[in-house]
Amino acid sequence: MQKILFVCLGNICRSPLAEGIMLHLKSKHNLQLEIDSAGTANYHVGEAPDRRTIANAKKKGVDLSSLRARQFSAIDFENFDKIYAMDKNNFKNILALAKKESHKNKVSLFLSGEPSYEDEVPDPYYGTESDFENVFWLVYEKCEQLAGIKEL
Ligand code: 4NP
């Protein structure tokens with residue numbers, strides 16, 4: 001079973017959204033995946049996702065309310081097969097913790113190959129309602145693609 005980890009900065013907006021969407025797709029399509037998320041920072045450890053992220057996802061039938069933030073740590077390189085960073089800063093900070101080439105090779109940008117977003121999921125934290133809406137669909141479509149459900 002493939003184990004995948006999504007990583008952003010605070011683990012309250014983008015990566016728990018990806019985790020919740022992937023869990024949703026897993027139950028809908030019976031996918032053989034293990035899924036988790038984490039943040040490179042420790043600001044929000046133990047907290048539920050941002051209430052705007054939860055509310056927006058809930059409208060689309062994705063329940064994030066039971067997720068809790070945790071910080072990324074080097075042990076995650078052992079525990080996961082694929083580690084997806086939500087932006088380039090997080091990508092760089094994850095790689096800085098990797099001591100082995102095999103660990104570095106597990107890390108990629110979640111939106112790699114999406115030139116219109118310069119390979120980054122925009123952080124909606126300081127944004128508006130429509131930013132949360134846009135990020136939801138951006139993450140949803142990419143998760144479908146990663147799960148092999150849909151080609152972008
Ligand atoms: P996330 O968004 O990395 O998508 O969870 C953020 C959440 C919190 C903060 C920054 C980004 N913060 O500065 O507290």
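Below, all heavy atoms of this structure are taken into account, side chains as well, without hydrogens, waters or symmetry copies. Ligands are counted one by one from 1 in listed order, and the atoms in each one are counted from 1 as well. Position 1 is the first residue of the sequence; numbering continues from there.
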Purely on distance, is any nitrogen or oxygen of [X] under 3.5 Å from one on ligand 1?
| X | answer |
| --- | --- |
| Asp123 | yes |
| Cys8 | no |
| Arg14 | yes |
| Ile12 | yes |

message = Check the orientation of Tyr84 and Phe6. Use parallel for under 30°, tilted for 30 to 60°, and perpendicular for over 60°.
response = parallel
ask   = Relative to ligand 1, is Asn11 under 4.0 angstrom through side chain, backbone, both or neither, heavy atoms considered?
value = backbone
Distance check, rounded to the nearest 0.5 Å: [X] atom [atom1] versus [Y] atom [atom2]?
| X | Y | atom1 | atom2 | answer |
| --- | --- | --- | --- | --- |
| Met22 | His29 | CE | NE2 | 10.5 Å |
| Phe91 | Asp119 | CZ | CG | 9.5 Å |
| Thr40 | Asn90 | OG1 | CG | 4.0 Å |

query = So among Lys106, Arg70, His103, Gln71, which one has a side chain to side chain donor-acceptor pair (under 3.5 Å) with Asp76?
reply = Arg70
Considering only heavy atoms of [X], which atoms of ligand 1 have at least one such atom less than 4.0 Å away?
| X | value |
| --- | --- |
| His44 | 8 (C), 12 (N), 14 (O) |
| Tyr126 | 13 (O) |
| Gly10 | 1 (P), 3 (O), 5 (O) |

note = In Asp50, Asp123, Asp131, the residue satisfying salt bridge (charged side-chain N to carboxylate O under 4.0 Å, His left out) with Arg14 is Asp123
ask   = Given the rule in the salt bridge (charged side-chain N to carboxylate O under 4.0 Å, His left out) test, do Lys26 and Glu19 qualify, once you have shown the distances and angles that lead to the verdict?
value = CA-CA 10 Å; Lys26 174 181 169 165; Glu19 179 185 356; over 6 Å; no
key: atom 12 (N) of ligand 1: nearest protein contact (heavy atom, Å)   = Tyr125 CE2, 3.6 Å
